[in-house]
Protein chains: 2
Amino acid sequence: MATPNPTNIFRILVASDVHLGFMENDPIRGNDSFVTFKEILSIARKNDVDFILHGGDLFHDNKPSRHTLHACLSLLRQYCMGDRAINFEYLSDESADFKHCKFPTVNYKDPNLNISIPVFSIHGNHDDPTGQNNLCSLDLLHTAGLVNYFGKSLPLDKIQISPLLLQKGDTRLALYGLGSIRDERLHRMFVNKNVSMLRPKEGQNSWFNMFVLHQNRSKHSATNYIPEQFLEDFLDLVIWGHEHECRLQYENSHVEYNPTQELYICQPGSSIATSLSEGEMVPKHVGLLEISGKEFRMKAIPLQTVRQLYMDTVTLADHIDPAAPKAKQKSEEFCIKKVQEMIAKAEKEHTGNRDQPSLPLIRLKVDYTGFEPFTSQRFGQKFLETVANPKTLILFQRQKSCKAE
Amino acid sequence: MATPNPTNIFRILVASDVHLGFMENDPIRGNDSFVTFKEILSIARKNDVDFILHGGDLFHDNKPSRHTLHACLSLLRQYCMGDRAINFEYLSDESADFKHCKFPTVNYKDPNLNISIPVFSIHGNHDDPTGQNNLCSLDLLHTAGLVNYFGKSLPLDKIQISPLLLQKGDTRLALYGLGSIRDERLHRMFVNKNVSMLRPKEGQNSWFNMFVLHQNRSKHSATNYIPEQFLEDFLDLVIWGHEHECRLQYENSHVEYNPTQELYICQPGSSIATSLSEGEMVPKHVGLLEISGKEFRMKAIPLQTVRQLYMDTVTLADHIDPAAPKAKQKSEEFCIKKVQEMIAKAEKEHTGNRDQPSLPLIRLKVDYTGFEPFTSQRFGQKFLETVANPKTLILFQRQKSCKAE
Ligand SMILES: [Mn+2]
Ligand SMILES: [Mn+2]
Ligand SMILES: [Mn+2]
Ligand SMILES: [Mn+2]
């Protein structure tokens, strides 16, 4: 157990992009998302947090399998129900805040449910509302009483976001949420001044204003992201979901600061690598956020159960003469050695947590300009017992595409 | 509210084959299954029952849509959670009785859940366990704490059914359950004496022994059903799911008696017509079962929200001379009149319950031997506003197939 949870300080476990069910049918990696979700819930419990805030993409698939849904219900019931007292008040109108839900209430106030850790979540683009009645998987969890699903907006041309108002001792938290909306559309709505954030009427300056959203933060195209300058000045902290790179330890600080906007932005990143990319290589953390009055601090807690991911790029011509005898064989031997080194590194850097999988994800990008590529499938089979992704272990590329990512 | 629930008498709401989600995408009939499930739950509440016993096929589809699952969670939370005290004891070992479940407990004893009406259900052939981890939809409901899913057997060659042991005052109830198994397979297991029912060790003769199963009762082929004589002699009452014909008012008695077996068999039938057949036309009821010591009585409670179903058969040649002028037109006019009569009958017999749909299901079977059939699709379009099933309203058949069902 960490230090006791003081009566004036909101302590919040911040996580995002848990992607439950990712590759659930893979015999090696199928369990990864659940293992780390369990770790996150147990971190929340150990740190005696007031609640968990999740930034969207709780599920990887819009229609999660029965297995995934069952595993999720099961973990939430196991970790979030129980006798722990909830020590913060709910000041705003539940029936308005959750008017999109069949049960427009916050779960910990329901006398029929004994909640130990409330979970608040917005939806992401992976688990957004669709189909009959515009429901999403979070609606199932909300109606089951295990999650508080907020930030759902109706598909209209204007969005008014009103905050959940929470109070703990003297600390007053206005929590704004906006579930994922197609970036182009939301971008246009911002440009047209059709997104507004309502402010609490009373003691407006006494609130700590936090906003959680799930959108592109990096600029994919002119309008296919949400520029930070679109965000309201009065916000004290933004929790940015969807971007999988964990930036909780960005430049040695735990929260990025945008000086133009005078805005703190926390990007928790995903808790599982859903692609073999540089961003996913950044060590995964969750945030332990403490808010006291208008002040906050964020502590990054490393996740110890995330499957390790190592990537490297080699240019064969830098090491082997393409004209030399047996150049192809030599190039293959060279790559084998490289992969073996990465596996050895993974072994050395394993957290020791028994729930961290032992087989790492390894990706070797090979610039084979001037060489004949060897069979990547056969190459992968040499590592069936030692890497988690033998089929995607090696990626051949030619010089021109071999730029820094 | 009915008479108070006495302290020595188990009062149980018996229902089966609710088929949630049946035709959920039909604009007219899509809501039917939910409306009647809600009625059943409200009957249970009104009658202050100790629990609800459901005989399988709670869901129509093995993988219910999100909408259906959400509607079910929602109704269960609305009707089965609350402050009503549970007045019976659970004597057997929950961890053994529910060992197939992630939470091997009965929901009303969980201190984190405030259950007002426990629901016990076996699975049917429509919602049986499949896929990864052999889960079914009832596992989701059980793990969400809203249903007690029992009677799951592992896919082995032998089945041992041990009862849930429940006690209320002096009345002791041994409740045996067996979720749906392929009839051929279960038939063979019975023949090979591989199905056994365990008896309580203590005071064996003091228990009321009830068995709920979900199998073919009528003989489809030599081995594709479960003959009543397979059932154990010691059973006091069998609740037979899967057969959709409601037999709660069979031959003026509420429970059928098999004199050879000295066995009472209650067939609640479905709460929604999933086919246009004679069996489904029998008025739908649920059973209010009272058990006191070794005695029981069953009261049939009519369901008032079930969409009305009327079927009739006409032989055109009995009414019109096929050789007469305009015979085809006359035959169509005759059928129109017949359907109108049935619609009028439905209007007259509507229960008046505002949740009972106003458009009836009508099926006219037409023996058109000697006649040229008219277009059934065009015929149906005349009744778009007055019947629920214009597309399946009329069924043409020739003499040879026109036998009694
Ligand atoms: Mn994501
Ligand atoms: Mn996303
Ligand atoms: Mn059925
Ligand atoms: Mn059935």
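Proteins come first, then strands; the chains are lettered A, B, ... in the order of their sequence lines, and each starts at number 1. Everything numeric here is computed off the predicted structure, so don't read it as measured data.
At least one side-chain heavy atom of B/Pro129 sits under 4.5 Å from a side-chain heavy atom of B/Tyr149. Residues A/Arg66 and B/Ser137 are in side-chain contact: their nearest non-hydrogen atoms beyond the backbone lie under 4.5 Å apart.
Contact of B/Ser65 with chain A is not made at all, since no heavy-atom distance falls under 4.5 Å. With a 4.5 angstrom heavy-atom cutoff, B/Asn134 does not touch chain A via any of its atoms.
Salt-bridge check for A/Asp50 with A/Arg11: failed, with every basic side-chain N at 4.0 Å or more from each acidic carboxylate O. Note on B/Glu94 versus B/Lys109: salt bridge recorded, some NZ/NE/NH1/NH2 to OD/OE distance being below 4.0 Å.
The candidate from B/Thr130, B/Asn25, B/Leu76 with the greatest count of non-hydrogen atom pairs under 4.5 Å with chain A is B/Thr130. In terms of heavy-atom pairs under 4.5 angstrom with chain B, the leader among A/Asp83, A/Leu146, A/Asn62 is A/Asn62. Counting heavy-atom pairs closer than 4.5 Å to chain B, the top residue among A/Gly145, A/Gly30, A/Cys136 is A/Cys136. Counting heavy-atom pairs closer than 4.5 Å to chain A, the top-ranked of the candidates B/Glu24, B/Met81, B/His142 is B/Met81. Between chain A and the options B/Asn133, B/Thr143, B/Asp110, heavy-atom pairs under 4.5 Å are most frequent for B/Thr143.
Applying the salt bridge (Lys or Arg N to Asp or Glu O under 4.0 Å) test to residues at least two apart or on different chains, the pairs with a partner in residues 135-153 of chain B are B/Asp139-B/Lys152.
For A/Phe22 and A/Phe59, the distance between ring centers is not under 6.0 angstrom.
Heavy-atom neighbours of chain A within the stretch residues 111-126 of chain B, taken at a separation under 4.5 angstrom, comprise B/Pro111, B/Asn112, B/Leu113, B/Asn114.
Cation-pi geometry between A/Arg77 and B/Phe103 is satisfied (NZ or CZ under 6.0 Å from the ring centre, within 45° of the ring normal).
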B/Phe98 and B/Phe150: CA distance, side-chain angles, deciding distance, ring pair (Phe, Tyr, Trp, His ring centres under 6.0 Å) verdict
CA-CA 6 Å; B/Phe98 296 97; B/Phe150 76 122; 7.2 Å; no

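Inspection of the B/Thr36 and B/Thr305 side chains reveals an N or O donor paired with an N or O acceptor under 3.5 Å.
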